[in-house]
Amino acid sequence: MKILKNIFITIKNAIKKITNHYYNKSNDSLNSTSTESNVIQPSFHKGYVEIKEDPKKIVVPFNFPTIHRFAIHIDKLVLGYELSAVLDERLLNRQYAEISDNLILLPATKRKHPTYSYEYEIYIRCEDVIEPFASIYFGNNAPYKQCIFMAVENDIFYKRKLHYIYNIEYALGLYFQFLSQIEIALDTDYDLYSCFMNDVYQNERLVPVIFRKAYKNMEETVNSVIFFSKGSRKNISQNISMEIRNNKKNMKLKIYDKSKEIQEQSPYKTYIQDSLQFEQICRAEVKLKNEIIKENLKKIGTNIDCFYHNQQILSDEWLLKLYFISTNRIIRVQDPKKRKSYNLIEYLLWH
């Protein structure tokens, strides 16, 4: 037991390093200006980006003292690019469909972004199989009028094919500008929602700190936490999910039963279960938008250009760091008696 206790303490210290707001920027593995061979420097579209690191081999270098399985991955990604005059003209006039042997661009048959004037679907050919990769859309009177957006298909993240995006943007002549949206999901076989309700939210011993506000009084209304229920008008069943969000709605944390959602709302997403191989999937999902993404990346010692061009976005380690710093900003758990403060996800999984 003494040995296990020492191991646990050692791992807890490792967790604190990634939940800390400030990282040791002198660490070679985190240095965004590193010139190691496995780091891709910005190509500036002088040629195809060579994939020097197999994303399937990237693993989270932390071993947690839990019997529960978990995985970290992107679940949604929308990127903003500069809309060049040449690309604009080609797309507007629909001058081509097949860009290369492995890349096909077609006008969207089913519009997913109706507020934009133009929308196309990107298909890639992998091992003689043609499959959708993303949709691109543009033409709007909003502040991002001169931008073209790319929304990656959901299954691409679970098939580990996101790295193809670098060659696609080069072939299309797209110049990366910013990340419009990113959703990072932590999936586990542990019932995070019930644990949150019973062990944290309704636990009088603990104090949740939500967007820097401590809720010590159990009777105080918490406007930032939204609960979702289901049932008939006569019989409303118990809450099935919860979401914590700020006033601007640009940073959210949602905890829910992903397995049930797939079964009831998205039966075509069985590829998620096939990828994770969990019998039961409970998800804690962080949703971030443009400026918040930049702020949180800065807090973990990188920036938007390095995160994207250096392929940190493909690394589970970097995703985990961004995930933890984001959940820290949304909610923390204080234990007044022990005078300790915890990251919510850390507390749910390892207490």
Side-chain angles (χ1 to χ4, degrees), residues 15 18 55-56 58-78 131-132 151-162 181-201 225-231 237-245 251-288 313-324 326-327 330-331 333 343-351:
I15 297 173
I18 57 174
K56 293 182 180 180
I58 301 174
V59 295
V60 180
F62 304 104
N63 296 312
F64 297 115
T66 175
I67 61 174
H68 305 290
R69 303 173 63 190
F70 74 95
I72 190 83
H73 48 81
I74 298 174
D75 189 68
K76 182 177 181 178
L77 185 64
V78 180
E131 57 183 312
V152 180
E153 293 291 330
N154 184 256
D155 63 330
I156 293 298
F157 308 117
Y158 299 92
K159 295 177 181 177
R160 294 285 188 168
K161 294 182 178 180
L162 182 58
Q181 297 179 49
I182 188 171
E183 294 182 7
I184 306 174
L186 184 141
D187 289 330
T188 178
D189 57 0
Y190 182 56
D191 189 351
L192 292 176
Y193 179 80
S194 296
C195 184
F196 171 78
M197 291 300 298
N198 299 328
D199 298 344
V200 176
Y201 199 68
V225 181
I226 311 296
F227 292 96
F228 299 90
S229 303
K230 65 178 297 185
S237 64
Q238 64 180 359
N239 296 326
I240 58 173
S241 65
M242 55 77 65
E243 183 175 280
I244 307 174
R245 61 191 183 196
M251 184 161 53
K252 305 177 184 179
L253 171 65
K254 184 177 181 180
I255 299 178
Y256 61 105
D257 188 332
K258 187 63 179 178
S259 297
K260 185 175 292 186
E261 185 199 65
I262 293 174
Q263 181 181 2
E264 297 179 356
Q265 302 178 29
S266 309
Y268 62 93
K269 288 188 176 182
T270 53
Y271 55 80
I272 296 179
Q273 295 166 313
D274 294 339
S275 172
L276 299 176
Q277 297 184 347
F278 293 176
E279 292 184 7
Q280 182 73 16
I281 304 174
C282 189
R283 172 167 292 186
E285 185 175 75
V286 167
K287 303 180 181 183
L288 309 172
I313 196 171
L314 301 181
S315 164
D316 288 350
E317 179 181 353
W318 279 100
L319 288 179
L320 191 62
K321 291 168 186 171
L322 179 56
Y323 180 88
F324 269 96
S326 301
T327 54
I330 296 170
I331 179 172
V333 180
N343 177 283
L344 174 66
I345 305 303
E346 173 193 350
Y347 188 89
L348 293 179
L349 286 175
W350 303 294
H351 278 76

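Fair warning: this is a prediction, and the values are worked out from it, not measured in the lab. Note that the numbering runs from 1 along the sequence shown for the chain.
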*Asks:* Who passes side chain to side chain donor-acceptor pair (under 3.5 Å) against Ser266, sequence neighbours left out?
*Replies:* none
*Asks:* What's the spacing between Ile182 CD1 and Leu77 CG if we round to 0.5 Å?
*Replies:* 5.5 Å
*Asks:* Please find the pair of heavy atoms, one from Tyr190 and one from Leu349, that lie closest to each other, and give the distance.
*Replies:* CD2-CD2, 4.0 Å
*Asks:* Are Phe228 and Glu243 side-chain neighbours, meaning at least one heavy-atom pair lies under 4.5 Å?
*Replies:* yes
*Asks:* The test is side-chain contact (heavy atoms from CB on, under 4.5 Å); show your working for Asn343 and Val333 and say whether it passes.
*Replies:* CA-CA 6 Å; Asn343 177 283; Val333 180; over 6 Å; no
*Asks:* If you measure from CD1 on Ile72 to CG on Asp316, what distance do you get to the nearest 0.5 Å?
*Replies:* 7.5 Å
*Asks:* Please identify which of these residues, Thr327, Leu319, Ile345, meets the side-chain contact (heavy atoms from CB on, under 4.5 Å) condition with Leu186.
*Replies:* Ile345
*Asks:* List for me each residue that meets salt bridge (Lys or Arg N to Asp or Glu O under 4.0 Å) alongside Glu183, sequence neighbours excluded, and say none if there are none.
*Replies:* none
*Asks:* Going by the rule salt bridge (Lys or Arg N to Asp or Glu O under 4.0 Å), which residues pair with Arg283 if we only count those two or more places apart in sequence or in a different chain?
*Replies:* Asp75, Asp187, Glu285
*Asks:* Hey, what do you get for CZ (Phe70) to CG (Leu276), rounding to the nearest 0.5 Å?
*Replies:* 12.0 Å
*Asks:* For Asp191, enumerate each residue passing the side chain to side chain donor-acceptor pair (under 3.5 Å) test, keeping only those at least two apart in sequence or located in another chain.
*Replies:* Ser194
*Asks:* Apply ring-ring contact (aromatic ring centres under 6.0 Å, His included) to Tyr323 and list each qualifying residue two or more places apart in sequence or on a separate chain.
*Replies:* none
*Asks:* Can any side-chain N or O of Thr188 pair as donor or acceptor with the backbone N or O of Cys282 at less than 3.5 Å?
*Replies:* no
*Asks:* Sequence neighbours excluded, which residues qualify as side chain to side chain donor-acceptor pair (under 3.5 Å) partners of Gln273?
*Replies:* none
*Asks:* Side chains of Ile74 and Val152: closer than 4.5 Å at any heavy-atom pair?
*Replies:* no
*Asks:* Distance from Tyr158 atom OH to Thr270 atom OG1, nearest 0.5 Å?
*Replies:* 12.5 Å
*Asks:* Can you sort out the partners of Asp155 under side chain to side chain donor-acceptor pair (under 3.5 Å), two or more places apart, ordered by chain and number?
*Replies:* Lys159
*Asks:* Out of curiosity, Ser326 OG to Ile331 CD1, how far, rounded to the nearest 0.5 Å?
*Replies:* 14.0 Å
*Asks:* State the CG-SG distance between Leu344 and Cys195, to the nearest 0.5 angstrom.
*Replies:* 8.5 Å
*Asks:* Using atom types as modelled, flag every donor-acceptor pair under 3.5 Å from a side chain in residues 252-265 to any protein atom, sequence neighbours excluded.
*Replies:*
residue, atom, partner, partner atom, Å
Asp257, OD1, Ser259, N, 3.1
Asp257, OD1, Lys260, N, 3.0
Asp257, OD1, Gln280, NE2, 3.2
Asp257, OD2, Gln280, NE2, 2.8
Lys258, NZ, Glu261, OE1, 2.5
Ser259, OG, Ile281, N, 2.6
Glu264, OE1, Lys230, NZ, 2.9
Glu264, OE2, Lys230, NZ, 3.4

*Asks:* If you take all heavy atoms of Lys76 and Val78, which pair is closest and at what distance?
*Replies:* CE-CG2, 4.1 Å
*Asks:* Are the side chains of Ile184 and His73 in contact, using a 4.5 Å heavy-atom criterion?
*Replies:* no
*Asks:* Can you sort out the partners of Tyr347 under ring-ring contact (aromatic ring centres under 6.0 Å, His included), two or more places apart, ordered by chain and number?
*Replies:* Tyr342, His351
*Asks:* Applying ring-ring contact (aromatic ring centres under 6.0 Å, His included), name anything that partners Tyr201, two or more places apart in sequence or on another chain.
*Replies:* Phe196, Phe227
*Asks:* Is there a donor-acceptor contact under 3.5 Å linking the side chains of Tyr271 and Asn154?
*Replies:* yes
